[in-house]
> 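Below is a structure I'd like to ask you about.
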Amino acid sequence: MSIQVRKMQSEDLEEVAKVHIQAFPKQFASRMGNKYVSQMYRYYIDFPTGIALVAIHSESGDLCGIRAGAGKYLLTDFRKKVALSFLPELLLKSLTDFLVFRTLINSVLQKIKSIFGQRLKGIESGIKKEGTVFISQIIAVEEKYRGDLETALALINESERIAKEMGYQKIRGQVYLNNPRALAFDRAIGFKELFRENGYCIIEKELK
C-alpha cells in the first residue's frame, strides 16, 4: 500500500470529520456531530503552531488517516473561543446523550476543583518553556486501513519531521488506558510513559 501524507485543507474537512467520528464514536466531539468536529480541525489548520495532516491512499484516493497537534493543548483553546458558539446544540444534546451530559458536568466539576487548587496535571504538565514540546493530540485511521501500520507510521513520521523543523525538541501525546494496543505501538516507536491521569496515559518522545 502506498500512502501520501499532505497538509489538511478546508475541502478535506467533511471526510476528516467522518474518519474522526468513526475512530472515536464515544468521544465528546464525535457525539456533538460533523459540524463540531469539522470546526475543531479547521482550528488546527488555522492555528499558528498547528499541524494538521491527512494520509491519502495513492491508488484509491481514499482519505485513510488524520493527524493533528499544536505547540499547546489546543482543545482547551478551541473550547474557550469556538465551542461556546455551539452552546445551544450542547445543551440540547446533553438532554438526550448521557456521554455529552457527563462531559459537561465533569467540566464544571473540574473548573470548581481548579478554583480550590485541585487542578489535574494535564498533558502540558512540566513543560517549562513554550516552544520546546509539541502536543500531538489526535491520530485516527479509517477503519478498513487499521490492519496495516503504514498509514499511522506515515502520519507520525511526517508530523515529527515538521515539528522538528519548527524547533520542537520533544513530542507529547495521550493514549486511552483502555487501548493497550495503541499504547504498545507508541512504546515500540520510542514513546515513554510520563504519568497516568483521568483515563489517559501521557507519553513523550525525544525528536532526534
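Counting from 1, the numbers follow the sequence of the chain as shown.
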> What residues, two or more places apart in sequence or in another chain, satisfy side chain to side chain donor-acceptor pair (under 3.5 Å) together with Arg67?
Ser136, Ser159

> Give me each pair satisfying salt bridge (Lys or Arg N to Asp or Glu O under 4.0 Å) with a member in residues 14-24, each pair once, sequence neighbours excluded.
none

> Check side chain to side chain contact (heavy atoms under 4.5 Å, CB included) between Ala52 and all other residues, then give those that pass, not counting sequence neighbours.
Met8, Tyr44, Ile45

> Over all heavy atoms of both residues, which pair between Gly190 and Lys205 is shortest? Give the atoms and the distance, please.
O-CG, 3.7 Å

> Is the closest side-chain heavy-atom distance between Lys192 and Glu204 below 4.5 Å?
no

> Would a distance-only check, ignoring hydrogens and angles, find a side-chain to backbone donor-acceptor pair under 3.5 Å from Lys170 to Thr132?
no

> Please name all residues satisfying side chain to side chain donor-acceptor pair (under 3.5 Å) with Asp12, sequence neighbours left out, ordered by chain then number.
Arg6

> Distance check, rounded to the nearest 0.5 Å: Gln174 atom CD versus Glu197 atom CD?
9.5 Å

> Taking the side chain as everything from C-beta on, heavy atoms only, tell me whether Ile3 gets closer than 4.5 Å to Ile56.
no

> Quick check against the 3.5 Å criterion: does Gln22 have a side-chain atom that pairs as donor or acceptor with the backbone of Glu143?
yes

> Output the distance between atom OH (Tyr36) and atom CD (Glu89), rounded to the nearest 0.5 Å.
10.5 Å

> Output all residues satisfying ring-ring contact (aromatic ring centres under 6.0 Å, His included) with Phe101, sequence neighbours left out; order by chain, then residue number.
none

> Would a 4.5 Å heavy-atom cut-off, applied to side chains only, mark Ile156 and Ile171 as touching?
no

> Assess whether a salt bridge exists between Lys164 and Glu160, defined as any Lys/Arg side-chain N lying under 4.0 Å from an Asp/Glu carboxylate O.
no

> With hydrophobic residues grouped by side-chain heavy-atom distances under 4.5 Å, do Leu87 and Val100 end up in a single group?
yes

> Heavy atoms only: give me the nearest Arg42-Ser10 pair and the separation to one decimal.
NH1-OG, 3.3 Å

> What about Leu99 and Leu92, same hydrophobic cluster or not, with Ile/Leu/Val/Met/Phe/Trp/Tyr joined at side-chain heavy-atom distances under 4.5 Å?
no

> Has the side chain of Asp97 got a donor or acceptor atom that lies under 3.5 Å from a matching backbone atom of Lys93?
no

> Over all heavy atoms of both residues, which pair between Tyr145 and Cys64 is shortest? Give the atoms and the distance, please.
CD1-CB, 3.2 Å

> State plainly whether one hydrophobic cluster holds both Phe195 and Ile135, where clusters connect Ile, Leu, Val, Met, Phe, Trp and Tyr through side-chain heavy atoms under 4.5 angstrom apart.
yes

> Just verifying a value: how many Å separate Cys201 SG and Tyr176 OH, rounded to the nearest 0.5 Å?
13.5 Å

> Taking atom CD1 of Ile139 and atom CG of Leu155, what is their separation to the nearest 0.5 Å?
5.0 Å

> Answer yes or no: is there a donor N or O on one side and an acceptor on the other, between the side chain of Ser38 and the main chain of Ala17, under 3.5 Å?
no

> Suppose we screen for side chain to side chain donor-acceptor pair (under 3.5 Å). Which residues come up paired with Gln39, at least two apart in sequence or across chains?
none

> Should Glu142 and His57 count as side-chain neighbours, where that means a heavy-atom distance under 4.5 Å?
no

> Please check this pair: side chain of Ser58 against backbone of Ser2, looking for a donor-acceptor N/O pair closer than 3.5 Å.
yes

> When you look at Asn179 and Phe185, which way does the side-chain contact (heavy atoms from CB on, under 4.5 Å) test go after all the steps?
CA-CA 10 Å; Asn179 192 347; Phe185 172 74; over 6 Å; no

> Okay, side chain of Lys35, backbone of Phe86: is any donor-acceptor separation there less than 3.5 Å?
no

> Do Leu177 and Phe191 sit in the same hydrophobic cluster, where Ile, Leu, Val, Met, Phe, Trp and Tyr count as joined when their side-chain heavy atoms come under 4.5 Å apart?
no

> Nearest 0.5 Å, please: how far is CG in Leu63 from OG1 in Thr151?
10.0 Å

> Which pair of non-hydrogen atoms, one from Ala140 and one from Phe24, has the smallest distance, and what is that distance?
CB-CE1, 3.7 Å

> Hydrophobic cluster membership, with links at side-chain heavy-atom distances under 4.5 Å among I/L/V/M/F/W/Y: are Leu95 and Phe98 in one?
no

> Mind listing the closest non-hydrogen atom pair of Gly33 and Ile21 along with its distance?
C-CD1, 4.0 Å

> If you round to the nearest 0.5 Å, how far is NZ of Lys7 from CD1 of Ile162?
6.5 Å

